Amino acid sequence: MPEGHTVHRLAAAFTESFAGQAVRTSSPQGRFPEAAAVDGWVMTCAEAVGKHLFLALAPAADVDPGEAPTRFVHVHLGLYGSWTFQALPGAEGVVLPHAIGAPRVRVGETEDPSSRAVDLIPRPTVRLRVQGRSALADLTGPTACELLDHAGRQRILDRLGPDPLRGDADPERFVHRVLRSRTMIGTQLMNQEVVAGIGNIYRAELLFRAMLDPTVPGRDLSAPLVHEMWEDLSALMAYGARTGRIVTTDPAHRHLHARIIERSRGTRQNSDGDAGVVPREESFYVYHRQTLPCRLCGTEVRSADMAGRTVFWCPRCQRVRSRRASFTREHPAAAWIGS
DNA sequence: CGGCTATGAGTAG
DNA sequence: TACTCCTAGCCGG
């Protein structure tokens, strides 16, 4: 259940663990038979674009490159997909063990060395296993796992808006796209053609920080405001990519109304469990906080279905006419998001 | 055990 | 808008 920051972390993990190596690829589950076609190829690159992951594979050195050009394993985790990394036996000191994606027991938490060998037998649901010199990665539950050539990869990129986590992103594409449509801003932010990488959490939180009613038509917004939203989102997602956790609350707001015990179901994040992390119940303004008081005004946070997904918002802070345009200027993410 | 839920997205109508 | 697909944890009976 990743948003874009998670996929960028995945690309980094693949680069760290497999780049430059010949890898074994297989489909224990059998539903990705194309894995056999690139088995033993060299992973030359791992790249994230929005929520899409591309693993570039080049033929082994003893194969004529002319007849076997680079292929891309394209993975989209969807709602349930997950990658689980493991260090191979004998590869002590390899730093990578974690699961990224849907909630999973973190590999490496099992102390018993004998149980590790058991892990080497893939679970029957593993769609794709990638194995390198010192690590392996198992993929389960993806919404997409396919082998593409350059053209196939390009077709996917052509349908994606700018990705705030990529240096080559053009914010103006986002701004103009939002402004030219009557579609509600809450719907537009979930459209990957408008901006690539936002999911349901960043949508809800970005709208709160912009003090925007989710139902406002995009074309009713001002260009400077939409530009501000891009800058805000870029900082928030950079924090997410660095830490593995989505945190959108200004430190000054984290404890407001916090005496209310938040027993809403856990939103499992993908951090490495570092000390000093912002607790989940302080991380969001509105996501999964329906029926709880707004951190700023105390009004009950609401939730509703919007184009098939649940949107969360504060009906007072995010009223159309009471927008405080200066919120992200008064509480810039850059102030508490280091580097 | 069954039912529900979840940070997603494509397709049909 | 409604249905479809994918997986696993959790909760109630």
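Everything numeric here is computed off the predicted structure, so don't read it as measured data. First the proteins, then the strands, lettered A, B, ... as listed; each starts at 1.
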Distance from A/Tyr285 atom OH to A/Cys294 atom SG, nearest 0.5 Å? 9.0 Å
Rounding to an integer number of Å, can you tell me how far A/Leu10 CG sits from B/dG8 P? 15 Å
Please measure how far the P atom in C/dC5 lies from the corresponding atom in B/dG13, and state the result in whole Å. 15 Å
Measure the distance from CH2 on A/Trp83 to C1' on C/dC6 and round it to the nearest whole Å. 15 Å
Take the protein atom CG of A/Leu77 and the nucleotide atom P of B/dA9, then report the distance between them rounded to whole Å. 11 Å
Take the protein atom CD of A/Gln29 and the nucleotide atom P of C/dT7, then report the distance between them rounded to whole Å. 5 Å
Between C/dC5 and A/Arg31, is there an OP1 or OP2 to side-chain N/O distance shorter than 4.0 Å? no
To the nearest 0.5 Å, atom OG1 of A/Thr248 lies from atom CG of A/Leu236 at 6.5 Å
Positions of residues 191-200 of chain A (non-hydrogen atom under 4.0 Å from DNA chain B), listed by number: A/Gln192, A/Gly199, A/Asn200
Hey, is the side chain of A/Arg309 poking within less than 4.0 Å of OP1 or OP2 on B/dA9, counting only N and O atoms? no
Take atom CG of A/Asp305 and atom P of C/dC3, then tell me their distance rounded to the nearest Å. 13 Å
CE of A/Met190 versus C1' of B/dG8: gap in Å, rounded? 7 Å
Could you check whether the rings of A/His74 and A/His52 sit parallel, tilted or perpendicular, using 30° and 60° as the cut-offs? parallel
Kindly say if A/His76 contacts the phosphate of B/dA9, meaning a side-chain N or O under 4.0 Å from OP1 or OP2. yes
Quick one: A/Met306 CE to B/dA9 P, roughly how many Å, whole number? 16 Å
Please enumerate all residues that pass side chain to side chain contact (heavy atoms under 4.5 Å, CB included) together with A/Gln131, with sequence neighbours excluded. A/Arg24, A/Leu88, A/Arg129, A/Leu136
Which residues pass the side chain to side chain donor-acceptor pair (under 3.5 Å) test with A/Ser222, not counting sequence neighbours? none
In this structure, how many angstroms lie between the C1' atom of B/dG8 and the CG atom of A/Leu160, rounded? 13 Å
Looking at CZ of A/Arg123 and OG1 of A/Thr140, how far apart are the two atoms once the value is rounded to the nearest 0.5 Å? 5.0 Å
Nearest-0.5 Å distance that lies between atom CZ in A/Phe32 and atom CG in A/Leu128: 6.0 Å
With a 3.5 Å cut-off and just heavy-atom distances, do the side chain of A/Tyr80 and the base of B/dA6 make a donor-acceptor pair? yes
Does A/Arg159 place a side-chain N or O at less than 4.0 Å from the phosphate oxygens OP1/OP2 of B/dA9? no
Can you tell me if A/Thr143 touches the phosphate of B/dG10, counting only side-chain N or O atoms and a distance under 4.0 Å to OP1 or OP2? no
